[in-house]
K.L.:
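Right, I'll just put the structure down here and ask away after.
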Amino acid sequence: MVKAYAQEYTYEHPWERVTSASWRKFVDSENRRTLSHILEVDTLNRKVDIESGKLYTTRAITIHAPGPWFVRKIVGQDTCHCVESTVVDARSRSMQLTTQNISFQKFIEVVEKIRYEPHPDNPNGWTMCRQETSIRIKPLSALASMAEKVEQRCAERFMQNSVKGREVMERICKYLEAGSSGLTV
């Protein structure tokens, strides 16, 4: 069984501001309180391809394991390690983040993709965010109803956390907007 969902969100901020906010999302202490499931973020690699002008970044993210308590009990830990790969193409104004868990892979596979690009209706003022997430419980596949319930609980948690993430992004965008106009927030 695979539980998949997709969301779209429009930031009423330019692409440059939204992508800048994305890099700052895990840094500020107020954001860390909102995103309390994020325990640690470390940049593993960052490089710019001179020919294409693209920025490639890989980060390790440690989170409080999502999903029901009994799943955490079965796997014997409550933290999950993930790898986030990001490609920023400033020329085409796109930013793609792909995050996948590296722990619990025997039990669960989670892949999240987020893409930021200028909104087609207002490309210089708004940014379209498209998020796709798939969650697959592996050993419980034989027990389809149980796997479906676990996947649903995990999906609900991911959706709750994505709302928190958007709140943080909006707060950072407003802060950046105020800073660029000389106002204080």
Side-chain angles (χ1 to χ4, degrees), residues 2-44 46 48-49 52-64 66 80 82-101 109-136 151-152 154-181 185:
V2 174
K3 181 73 176 175
Y5 69 92
Q7 304 180 82
E8 285 190 356
Y9 182 78
T10 300
Y11 289 98
E12 294 184 359
H13 301 279
W15 179 83
E16 291 79 7
R17 185 177 301 142
V18 172
T19 55
S20 181
S22 178
W23 291 116
R24 298 173 184 215
K25 185 165 51 172
F26 303 125
V27 176
D28 181 67
S29 60
E30 185 175 342
N31 299 342
R32 284 195 169 267
R33 279 192 297 276
T34 303
L35 301 173
S36 59
H37 64 289
I38 304 294
L39 303 176
E40 192 170 341
V41 178
D42 295 301
T43 300
L44 303 176
R46 180 175 288 150
V48 175
D49 181 312
S52 69
K54 294 179 182 177
L55 170 66
Y56 295 88
T57 304
T58 305
R59 299 195 295 185
I61 301 175
T62 303
I63 63 170
H64 184 269
C80 179
C82 304
V83 173
E84 175 192 80
S85 301
T86 304
V87 179
V88 179
D89 185 344
R91 292 178 188 158
S92 69
R93 296 174 75 203
S94 71
M95 179 179 192
Q96 169 115 14
L97 299 91
T98 302
T99 307
Q100 184 168 358
N101 63 305
E109 181 180 274
V110 179
V111 178
E112 177 186 48
K113 294 181 180 185
I114 300 174
R115 184 173 189 85
Y116 300 106
E117 53 196 5
H119 194 285
D121 295 338
N122 186 353
N124 293 317
W126 297 350
T127 303
M128 176 63 72
C129 172
R130 290 183 176 92
Q131 177 185 16
E132 299 173 11
T133 304
S134 67
I135 302 165
R136 183 169 74 110
E151 289 168 349
Q152 181 62 38
C154 290
E156 289 168 3
R157 177 71 61 91
F158 272 88
M159 291 180 83
Q160 291 168 356
N161 289 338
S162 69
V163 169
K164 291 177 185 179
R166 286 193 300 270
E167 289 172 7
V168 167
M169 291 285 290
E170 284 288 356
R171 185 171 40 241
I172 296 169
C173 285
K174 288 178 179 157
Y175 171 80
L176 293 171
E177 180 179 32
S180 68
S181 62
V185 178

K.L.:
Testing the 3.5 Å rule here: is there a donor-acceptor pair between the side chains of Q7 and S162?
P.N.:
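A donor-acceptor contact under 3.5 Å links the two side chains.
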K.L.:
Nearest 0.5 Å please: distance from the CG atom of L39 over to the CD1 atom of I61.
P.N.:
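Here the rounded value is 11.0 Å.
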K.L.:
Quick one: side-chain contact (heavy atoms from CB on, under 4.5 Å) partners of S36, sequence neighbours excluded?
P.N.:
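S36: no side-chain contact (heavy atoms from CB on, under 4.5 Å) contacts found.
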K.L.:
For residues 19-26, tabulate all N or O donor-acceptor pairs below 3.5 Å that involve a side-chain atom, not counting sequence neighbours.
P.N.:
from : atom 1 : to  : atom 2 : distance (Å)
T19  : OG1    : W15 : O      : 3.0
T19  : OG1    : E16 : O      : 3.2

K.L.:
Shortest non-hydrogen contact from N124 to P14?
P.N.:
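Minimum heavy-atom separation between N124 and P14: O-CB, 3.6 Å.
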K.L.:
With sequence neighbours left out, what residues match D49 under side-chain contact (heavy atoms from CB on, under 4.5 Å)?
P.N.:
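Result, side-chain contact (heavy atoms from CB on, under 4.5 Å) vs D49: E51, S52, Y56.
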K.L.:
Can you give me the closest heavy-atom contact between C82 and I63, atom names plus distance?
P.N.:
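Reported closest heavy-atom pair: SG-CD1, 4.3 Å.
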K.L.:
For E117, which residues count as a salt bridge (Lys or Arg N to Asp or Glu O under 4.0 Å) partner, sequence neighbours excluded?
P.N.:
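E117 satisfies salt bridge (Lys or Arg N to Asp or Glu O under 4.0 Å) with R115, R130 once adjacent residues are dropped.
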K.L.:
Out of curiosity, S85 OG to K113 NZ, how far, rounded to the nearest 0.5 Å?
P.N.:
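It is 10.5 Å, given to the nearest 0.5 Å.
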K.L.:
Can you name the side-chain contact (heavy atoms from CB on, under 4.5 Å) partners of E156, sequence neighbours left out?
P.N.:
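side-chain contact (heavy atoms from CB on, under 4.5 Å) list for E156, sorted by chain: Q152, R153.
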K.L.:
Where do Y9 and E170 come nearest, in terms of heavy atoms and distance?
P.N.:
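Shortest heavy-atom separation between Y9 and E170 comes out as OH-OE2, 2.8 Å.
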K.L.:
Who pairs with V48 by side-chain contact (heavy atoms from CB on, under 4.5 Å), at least two apart in sequence or on another chain?
P.N.:
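side-chain contact (heavy atoms from CB on, under 4.5 Å) list for V48, sorted by chain: L55.
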K.L.:
Where is the tightest heavy-atom contact between N161 and L35, given as atom of each residue plus distance?
P.N.:
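Shortest heavy-atom contact: O-CD2, 4.4 Å.
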K.L.:
Give, for atom OG1 of T127 and atom CZ of R17, the distance between the pair rounded to the nearest 0.5 Å.
P.N.:
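Answer rounded to 0.5 Å: 9.0 Å.
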K.L.:
Using every non-hydrogen atom in the two residues, find where V88 and M95 come nearest and quote the distance to one decimal.
P.N.:
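That closest heavy-atom pairing would be CG2-CG, 3.8 Å.
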K.L.:
Is there side-chain contact between L97 and Y116, with heavy atoms separated by less than 4.5 Å?
P.N.:
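Touching, per the 4.5 Å side-chain cut-off.
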K.L.:
Among residues at least two apart in sequence or on other chains, which ones pass side chain to side chain donor-acceptor pair (under 3.5 Å) with Y11?
P.N.:
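Y11: no side chain to side chain donor-acceptor pair (under 3.5 Å) contacts found.
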K.L.:
Under the side chain to side chain donor-acceptor pair (under 3.5 Å) test, which residues partner E112, sequence neighbours left out?
P.N.:
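Residues passing side chain to side chain donor-acceptor pair (under 3.5 Å) with E112: Q131.
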K.L.:
Test of understanding: with side chain to side chain donor-acceptor pair (under 3.5 Å), list the residues that count as partners of D89, not counting sequence neighbours.
P.N.:
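Result, side chain to side chain donor-acceptor pair (under 3.5 Å) vs D89: S92.
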K.L.:
With rounding to the nearest 0.5 Å, note down the distance linking CZ in R46 to CZ in R59.
P.N.:
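Going from CZ on R46 over to CZ on R59, the span is 7.5 Å.
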K.L.:
Does E84 reach the side chain of T86, with side-chain heavy atoms less than 4.5 Å apart?
P.N.:
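Yes. Closest side-chain heavy atoms under 4.5 Å.
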K.L.:
Looking at CD1 of I135 and CD of E109, how far apart are the two atoms once the value is rounded to the nearest 0.5 Å?
P.N.:
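Result: 11.0 Å between the selected atoms.
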K.L.:
List for me each residue that meets ring-ring contact (aromatic ring centres under 6.0 Å, His included) alongside H13, sequence neighbours excluded, and say none if there are none.
P.N.:
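In terms of ring-ring contact (aromatic ring centres under 6.0 Å, His included), with neighbours along the sequence ignored, H13 is linked to no residue.
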K.L.:
To the nearest 0.5 Å, what is the distance between OG (S94) and NZ (K54)?
P.N.:
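NZ of K54 is found 7.0 Å from OG of S94.
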